[in-house]
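The structure appears right after this line, and notes come after that.
Quantities reported herein were computed from a predicted structural model and do not represent experimental measurements. Worth knowing before you read on, the calculation uses all heavy atoms, side chains too, and leaves out hydrogens, waters and symmetry mates.
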Amino acid sequence: MTPVAEVIQPIVVSPWRRSAWYRYMHVFVELLEAHGIRYFAHSGTMLGCVRHRGFIPWDNDVDLMIPEEDTHLLEALVQKIRRYGIAQHLNLRANITPEMGLYQFKPVGKKILGSNTGYMGLDIFVGEEIDLEGVGRVFHYKSADFRRWYKNRYVKVDDVFPRKRYAFGPLSVWGMRSPDDYFARSGFVMDEAIIGVHGGAKAEAEAVIERLKSEGRYPIVDPAVLTMSAPFEPTDFFELPYYLEQERP
């Protein structure tokens with residue numbers, strides 16, 4: 001039988017595209033840190049930090065969260081972020097907007113993208129700090145919709161702060177101090193993998209999932225996949241002024 005690691009190859013992000021992802025992450029987290037915004041990895045990005053020491057090999061978006069009290073700092077950054085080759089993405093058909101607790105971004109600068117095109121989304125969820133009966137202080141989605149859809153995907157404030165630094169491919173990013181409880185409630189686990197992708201790769205992912213299901217190998221428990229690193233080509237990272245684009249008159 002074909003090894004699972006080979007079956008999933010059609011949906012593993014190519015090394016040259018993954019390098020663009022890491023450049024994007026580099027610029028974005030540098031901007032967040034330069035503006036004092038206390039982000040931390042969330043959802044699949046947090047799982048990638050722990051399980052793969054970087055991106056989950058087939059993951060094609062980034063999930064971060066910030067405390068609600070830092071949204072004014074993010075709003076200030078949004079006003080000038082395009083100068084660094086990053087644009088705010090507004091889905092006018094969605095009811096989950098910055099006001100409702102979700103900021104979405106995409107890279108547009110050639111110094112980040114190179115020759116890459118297609119979907120490269122980064123979501124910043126606003127975490128509302130609330131008292132949860134029997135649990136204590138937690139960050140939960142500010143969005144009522146997300147809170148309803150993902151009822152148990154909250155994280156205790158004490159499990160976030162003080163934040164922990166994680167190796168993330170060639171980078172280093174902030175994540176939850178202790179994500180185990182969050183993982184246990186949220187369906188993110190270390191000993192098996194499910195496949196979730198966005199955009200144009202979705203059809204390929206569904207075909208891979210169906211094949212693995214028919215072979216009785218889904219969810220994936222193969223250690224070769226659970227310890228797999230997202231392949232990327234060597235890339236240079238520069239200080240933020242390098243990515244500044246000349247302003248148009």
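- Between L32 and I124, the closest side-chain pair of non-hydrogen atoms falls below 4.5 Å.
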Just list the side-chain donor-acceptor pairs under 3.5 Å for residues 227-235, sequence neighbours left out, or say none.
| unit_1 | atom_1 | unit_2 | atom_2 | d |
| --- | --- | --- | --- | --- |
| T227 | OG1 | P223 | O | 2.7 |
| T235 | OG1 | R23 | NH1 | 3.0 |

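- Using a 4.5 Å heavy-atom cutoff, the side chains of V225 and I8 are in contact.
- Atom CG in N60 sits 11.0 Å away from atom NZ in K202 (nearest 0.5 Å).
- At distances below 3.5 Å, at least one donor-acceptor pair connects side-chain atoms of Y166 with backbone N or O atoms of M176.
- Going from atom CD1 of I56 over to atom CG of L47 covers 4.5 Å, rounded to the nearest 0.5 Å.
- There is a path of hydrophobic side-chain contacts, each under 4.5 Å, that joins Y141 to F161.
- When side chains are defined from C-beta on, M65 does not count as touching Y39, because their heavy atoms never get closer than 4.5 Å.
- At least one side-chain heavy atom of M190 sits less than 4.5 Å from a side-chain heavy atom of V50.
- Residues satisfying the ring-ring contact (aromatic ring centres under 6.0 Å, His included) criterion with Y218, sequence neighbours excluded, are absent altogether.
- The pair D159-R177 meets the salt-bridge criterion, since a charged nitrogen lies less than 4.0 angstrom from a carboxylate oxygen.
- By the 4.5 Å heavy-atom criterion applied to side chains, V126 and L74 are not counted as neighbours.
- Taking each heavy atom of R165 and W174 in turn, the nearest pair found is NH1-NE1, 2.5 Å.
- Residues V12 and Q9 meet the side-chain proximity criterion, which asks for heavy atoms closer than 4.5 Å.
- Applying the ring-ring contact (aromatic ring centres under 6.0 Å, His included) criterion to F183, with sequence neighbours excluded, gives no partner residue.
- Proximity of Q104 to Q88: side-chain heavy atoms (C-beta onward) are nowhere separated by under 4.5 Å.
- Because its NZ or CZ atom is not both nearer than 6.0 Å to the ring centre of F146 and within 45° of the ring axis, R153 does not count as a cation-pi partner of that residue.
- For the residue pair Y84/E30, the side-chain donor-acceptor check at 3.5 Å is not satisfied.
- Scored by the side chain to side chain contact (heavy atoms under 4.5 Å, CB included) test, D180 finds no partners at all (sequence neighbours excluded).
- Evaluation of the salt bridge (Lys or Arg N to Asp or Glu O under 4.0 Å) test over residues 67-77, restricted to residues two or more places apart or in two chains, returns R38-E69, R38-D70, E68-K142.
- Both V27 and L113 are members of a single hydrophobic cluster when ILVMFWY side chains are connected at heavy-atom separations under 4.5 Å.
- Looking at residues two or more places apart in sequence or on another chain, you find a salt bridge (Lys or Arg N to Asp or Glu O under 4.0 Å) between E129 and R137.
- Across G196 and W58, no two heavy atoms sit closer than the pair N-NE1, 3.9 Å.
- When all heavy atoms are compared, the tightest approach of S43 to D63 is CB-OD2, 3.6 Å.
- In the displayed structure, K111 atom NZ is contacted under 6.0 Å by more than 12 heavy atoms of other residues, nucleotides or ligands.
- Note: D59 CG to I11 CD1 = 10.5 Å, rounded to the nearest 0.5 Å.
- Formation of a donor-acceptor pair under 3.5 Å by the R83 side chain with backbone atoms of L244 is not found in this model.
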For this session: Take D61 and L122 through the test side chain to side chain contact (heavy atoms under 4.5 Å, CB included) and record every step on the way to the result.
Result: CA-CA 6 Å; D61 75 342; L122 187 151; over 6 Å; no
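- With values rounded to the nearest 0.5 angstrom, E206 atom CD is found 11.0 Å from E204 atom CD.
- Linking Ile, Leu, Val, Met, Phe, Trp and Tyr residues whenever their side-chain heavy atoms come within less than 4.5 Å places L240 and I86 in a single cluster.
- Residues R17 and T117 share a closest heavy-atom pair of NH1-O, 2.6 Å.
- For L132, the CG atom is densely surrounded, since the number of other residues' heavy atoms within 6.0 Å is greater than 12.
- Using modelled atom types, one side-chain atom of S186 and one backbone atom of Y182 make a donor-acceptor pair closer than 3.5 Å.
- When the side chains of ILVMFWY residues are joined at heavy-atom separations under 4.5 Å, either directly or via intervening members, I195 and V221 end up in two distinct hydrophobic clusters.
- Of all heavy-atom pairs between W16 and S115, the closest is CZ3-OG, 4.2 Å.
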For this session: For V108 and H89, run side chain to side chain contact (heavy atoms under 4.5 Å, CB included): C-alpha distance rounded to whole Å, both residues' side-chain angles, the deciding distance at 0.1 Å, then the answer.
Result: CA-CA 11 Å; V108 293; H89 175 63; over 6 Å; no
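- Put simply, the side chain of R51 gets close to the backbone of E192: a donor and an acceptor are under 3.5 Å apart.
- Around CZ of R185, the count of heavy atoms belonging to other residues, nucleotides or ligands within 6.0 Å exceeds 12.
- Proximity of a side-chain donor or acceptor of S143 to a complementary backbone N or O of D145 within less than 3.5 Å is detected.
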For this session: Take I194 and V189 through the side chain to side chain contact (heavy atoms under 4.5 Å, CB included) test and state the conclusion after the steps.
Result: CA-CA 9 Å; I194 59 173; V189 296; over 6 Å; no
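- Here the two rings, on H140 and Y150, have centers that are 6.0 Å apart or farther.
- Under the ring-ring contact (aromatic ring centres under 6.0 Å, His included) rule, F28 has a single partner from Y103, F105, Y243, which is F105.
- One hydrophobic cluster, built from ILVMFWY side chains closer than 4.5 Å, cannot hold both V155 and V138; they sit in different ones.
- A distance-only check finds a donor-acceptor pair linking the side chain of R18 to the backbone of P57 [under 3.5 Å].
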Exercise. Taking it one step at a time, do F125 and I66 satisfy side chain to side chain contact (heavy atoms under 4.5 Å, CB included)?
Worked result: CA-CA 6 Å; F125 300 102; I66 66 169; over 6 Å; no
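- Separation of atoms OG (S214) and CZ (R217) is listed at 8.5 Å; rounding is to 0.5 Å.
- The ring-ring contact (aromatic ring centres under 6.0 Å, His included) test with H26 singles out one residue from F238, F168, F237, and that residue is F237.
- Distance NE2/H35 to CG/L77: 5.0 Å, rounded to 0.5 Å.
- Side-chain atoms of Y24 and V62, non-hydrogen and from C-beta on, never get closer than 4.5 Å to each other.
- A salt bridge is absent between K110 and E245; no separation between the charged side-chain nitrogens and carboxylate oxygens falls under 4.0 Å.
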